[in-house]
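What you see is a predicted model; the values in this text were computed from it and never measured.
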Amino acid sequence: MTQIFDNPADFADEALDGFVAANRAYVARVDGGVVRSTDMPAGQVALVVGGGSGHYPAFAGLVGPGLAAASACGNMFASPAAGQIYRVAKEANAGGGVLLSYGNYAGDVLHFGQAQLRLNAEGIETRTVTVTDDIASAPLDQIGKRRGIAGDLTVFKIAGAAAEAGLSLDDVERLAIKANDRTRSLGVAFDGCTLPGAGEPLFHVPTGQMSLGLGIHGEPGISEHPMPTASELAELLVSRLLADTPDHRGSRVVAIVNGLGTVKYDELFLLFGKIERLLVNAGLTVVEPECGELVTSLDMSGLSLTLLWLDEELERYWAAPADSPAYRKGNLAPRARRQLAGPEDAVAGEVEETTAAAADLGRLAAAVLAQVRDVVVEHEEELGNLDAIAGDGDHGIGMRRGVEAAAGAAAQAAASGASVGRVLEAAGEAWSERAGGTSGALWGSAVIASGFALGNRETYTDEDAIAAVTAFVGAITELGKAEPGDKTMVDALLPFRAAFLREFDGGTTLAQALTVAASAAMAAAAKTAELRPLKGRARPLAEKSLGHPDPGAVSFGLIAERIAAYIHSGLAEPNFTEPGLVHSELAYAAGKGATT
């Protein structure tokens with residue numbers, strides 16, 4: 001059990017602060033995680049890794065020359081927010097582009113994906129390679145659905161060495177993909193882990209039993225087995241991995257025996273010796289293995305075996321030097337300390353000359369978000385109850401947390417005279433960080449994308465309104481990967497977009513287009529009651545969901561309806577037909593909306 005803490009809610013941040021204090025020669029603290037405290041050559045690819053806290057040495061312990069340039073660090077077992085990832089990656093960028101790499105978990109995929117959209121929109125070329133090494137989490141023919149566990153290390157090490165060698169972003173990405181494709185892992189647990197402040201582990205394994213195929217976030221395994229001897233355990237792990245080997249695998253492998261928290265080194269070494277003999281007997285050559293704690297899960301009583309099948313290229317980068325707080329190999333020349341930009345420098349670099357039209361629309365955006373906040377608050381309980389039918393019941397409170405933060409950030413930005421692009425960027429970032437989860441990532445990304453589409457222009461036309469709606473919808477569909485019929489917000493979102501574009505193309509006003517589009521969204525949201533969920537947490541309880549509409553689709557419909565009504569009221573409709581003009585009532589409406 002984790003016993004050393006003051007306030008459990010502050011555990012992750014305080015542990016990260018202490019880690020930096022103990023390793024200042026390697027890392028520096030930034031908002032959202034850590035970056036190298038030593039120089040990186042200009043033009044080098046920045047490998048940015050990350051995920052939830054509680055897995056040390058992953059992820060912050062792997063930041064240093066020959067490995068990662070930075071790590072975004074979330075709360076305990078929780079993805080870092082998109083804004084945190086964005087800020088960490090922007091600080092780490094050395095001009096050669098950014099490669100994001102992390103375990104394939106839904107929250108990480110959404111938040112890292114949102115950050116990637118923002119970085120690319122700002123001209124920082126950013127790619128992603130997710131780690132999918134856990135053979136227990138999906139069959140081989142669905143390898144893209146597998147989660148990432150201790151195989152994180154092989155992918156990060158190969159990609160980090162390739163970046164250190166000066167390879168291009170294309171080549172670093174290619175090698176990371178190759179390493180992931182050739183990595184397989186399987187884990188076991190003898191008992192669960194305990195979050196700081198909790199009185200009980202997240203799960204228990206019955207006495208005399210072992211759980212096979214566990215994850216690293218406290219998830220129990222997929223099956224239970226009588227507690228084996230060390231030889232039996234070695235045989236089980238090796239045989240399962242050798243039955244799942246990649247194509248063109250060769251005969252040279254890296255073997256990693258990884259302790260998850262409380263299985264300590266003497267036991268790990270004992271097991272490694274038995275595993276090594278089995279691999280040799282199978283005709284394999286074990287190359288530069290690792291045995292120790294590399295990707296943990298707090299105080300989990302368990303371990304995992306990872307195999308990386310090498311080719312000549314991968315072996316060169318696996319053997320390359322690395323120097324980080326938790327992982328060191330070979331020798332690297334000392335590096336000079338880098339000068340990190342302070343908060344004042346960062347702010348100074350973000351000053352913009354806001355146009356009158358963009359400031360007017362910024363105030364309108366803040367007023368509209370105040371209306372969105374109000375309608376979410378009104379329906380919070382209803383949305384939560386709807387989500388509880390086949391989910392975890394947090395949709396209402398999550399939406400409220402997100403939109404309250406977004407409305408506050410937008411009002412503050414608009415009051416300072418910021419452009420509509422900056423207002424929506426601040427709102428989207430606040431929404432994502434405060435709400436968390438899937439809806440926070442999706443809404444935050446969509447609001448930011450709309451802001452990028454509107455930007456800071458001298459004039460605005462019909463095409464800008466269309467671009468904002470298109471960007472909003474595109475961000476959600478690209479990031480969430482949901483399709484019509486999956487029973488998600490997309491089932492209301494796409495009819496909204498279709499109706500909006502049809503009406504606007506027909507020459508109607510913005511208010512009329514929004515009104516018709518909102519009606520289409522509400523009707524489509526109601527029809528989701530006929531669907532079975534194919535995405536998200538409701539998917540395992542699909543039958544319970546039948547007869548009830550999707551909460552995400554319903555909340556979007558309610559929001560669209562409120563925005564349409566507000567614009568249609570005549571107080572706040574911008575004139576997109578005559579470039580650069582906004583109705584005279586806008587200043588009143590924006591001021592009223594931003595302060596309600």
N/O donor-acceptor pair under 3.5 Å between N258 side chain and V295 backbone: yes
Salt bridge R146-D133, side-chain N to carboxylate O under 4.0 Å: no
Side-chain ion pair, R147 and D152, N-O less than 4.0 Å: no
Side chain to side chain contact (heavy atoms under 4.5 Å, CB included) assessment of T477 paired with E483: CA-CA 8 Å; T477 55; E483 298 183 2; over 6 Å; no
Check: Y317 and K157 side chains under 4.5 Å, non-hydrogen atoms: no
R373 with E404: basic N within carboxylate O range, under 4.0 Å: no
Reported CD-to-CG distance for the pair E381 and L386, which is rounded to 0.5 angstrom: 12.5 Å
Salt bridge (charged side-chain N to carboxylate O under 4.0 Å, His left out) evaluation trace for R184 with D134: CA-CA 6 Å; R184 303 286 190 271; D134 179 18; over 6 Å; no
Pairs meeting criterion ring-ring contact (aromatic ring centres under 6.0 Å, His included) with involvement of residues 425-450, two or more places apart: W431-W443, W443-F472
D171/R174 salt bridge by N-O under 4.0 Å criterion: yes
Any donor-acceptor pair under 3.5 Å from R36 side chain to G64 backbone: yes
Within-4.5 Å side-chain heavy-atom neighbours: L214 and M300: yes
Backbone of V129 reached by a side-chain donor or acceptor of S101 within 3.5 Å: yes
For the student: nearest non-hydrogen atoms of A409 and A430, plus distance: CB-CB, 3.8 Å
Nearest-0.5 Å distance that lies between atom CZ in F556 and atom CE in M399: 10.0 Å
Main-chain N/O of A482 paired to D486 side chain as donor or acceptor, under 3.5 Å: no
Other residues, nucleotides, ligands: >12 heavy atoms within 6.0 Å of R434 CZ: no
Non-hydrogen side-chain atoms of L212 and S223 separated by less than 4.5 Å: yes
Heavy-atom check, side chain of V375 versus side chain of H379, under 4.5 Å: yes
side-chain contact (heavy atoms from CB on, under 4.5 Å) involving S79 - partner list, sequence neighbours excluded: D108, H111
Donor-acceptor contact below 3.5 Å, side chain D491 vs main chain P484: no
Test item: side-chain donor near acceptor, T154 and T183, under 3.5 Å: yes
Rounded distance [0.5 Å steps], CG in L308 versus CD1 in I158: 6.0 Å
Nearest atoms (heavy-atom pairs only) where A475 meets A446: CB-CA, 3.8 Å
Value rounded to 0.5 Å, distance of CE in M210 from CG in D191: 13.5 Å
Flag, side chain of K145 to backbone of S137, donor-acceptor distance under 3.5 Å: no
Within-4.5 Å side-chain heavy-atom neighbours: H225 and L236: no
H395 side chain to S555 side chain, donor-acceptor N/O pair below 3.5 angstrom: yes
Contacts of type ring pair (Phe, Tyr, Trp, His ring centres under 6.0 Å), residue F500, not counting sequence neighbours: F504
Any residue meeting salt bridge (charged side-chain N to carboxylate O under 4.0 Å, His left out) with E380, in chain and number order, not counting sequence neighbours: R400
Sequence-distant partners of N180, side-chain contact (heavy atoms from CB on, under 4.5 Å), two or more places apart: V131, T132, V155
Q84 side chain to A81 backbone, donor-acceptor under 3.5 Å: yes
With sequence neighbours excluded, residues passing side-chain contact (heavy atoms from CB on, under 4.5 Å) with A159: L47, L99, V172, A176
Salt bridge (charged side-chain N to carboxylate O under 4.0 Å, His left out) partners of D10, counting only residues at least two apart: none
Spatial distance of atom OG (S432) from atom CD1 (I448) [nearest 0.5 Å]: 6.5 Å
Distance, nearest 0.5 Å, that separates CG of L117 from OG of S445: 5.0 Å
Listed partners of E122 passing salt bridge (charged side-chain N to carboxylate O under 4.0 Å, His left out), at least two apart: K90
Any donor-acceptor N/O pair, R182 side chain to W309 backbone, under 3.5 Å: yes
Pairwise side-chain contact, D181 with D247, heavy-atom cut-off 4.5 Å (strictly under): no
Backbone of V490 reached by a side-chain donor or acceptor of T488 within 3.5 Å: yes
Closest approach of L298 to T194 (non-hydrogen atoms, all atoms of both residues): CD1-O, 3.6 Å
Residues that E561 engages under salt bridge (charged side-chain N to carboxylate O under 4.0 Å, His left out), provided they are two or more places apart: none
E224-S211 side chain donor-acceptor pair, cut-off 3.5 Å: no
Only pairs under 3.5 Å count here: list side-chain donor-acceptor contacts from residues 52-59, not counting sequence neighbours, and write none if there are none.
| from | atom 1 | to | atom 2 | distance (Å) |
| --- | --- | --- | --- | --- |
| S53 | OG | G74 | O | 2.6 |
| H55 | ND1 | I216 | O | 3.4 |
| H55 | ND1 | T296 | O | 2.7 |

pair K178-L314: side-chain heavy atoms closer than 4.5 Å: yes
With sequence neighbours excluded, residues passing side-chain contact (heavy atoms from CB on, under 4.5 Å) with A553: A492, A525, T528, D550
Short side-chain to backbone donor-acceptor contact, Q116 and T126, under 3.5 Å: yes
Ring pair (Phe, Tyr, Trp, His ring centres under 6.0 Å) against Y327, all qualifying residues, sequence neighbours excluded: none
Presence of salt bridge, E433 and R401, under 4.0 angstrom: no
Close side-chain approach of I124 to N120, heavy-atom, < 4.5 Å: no
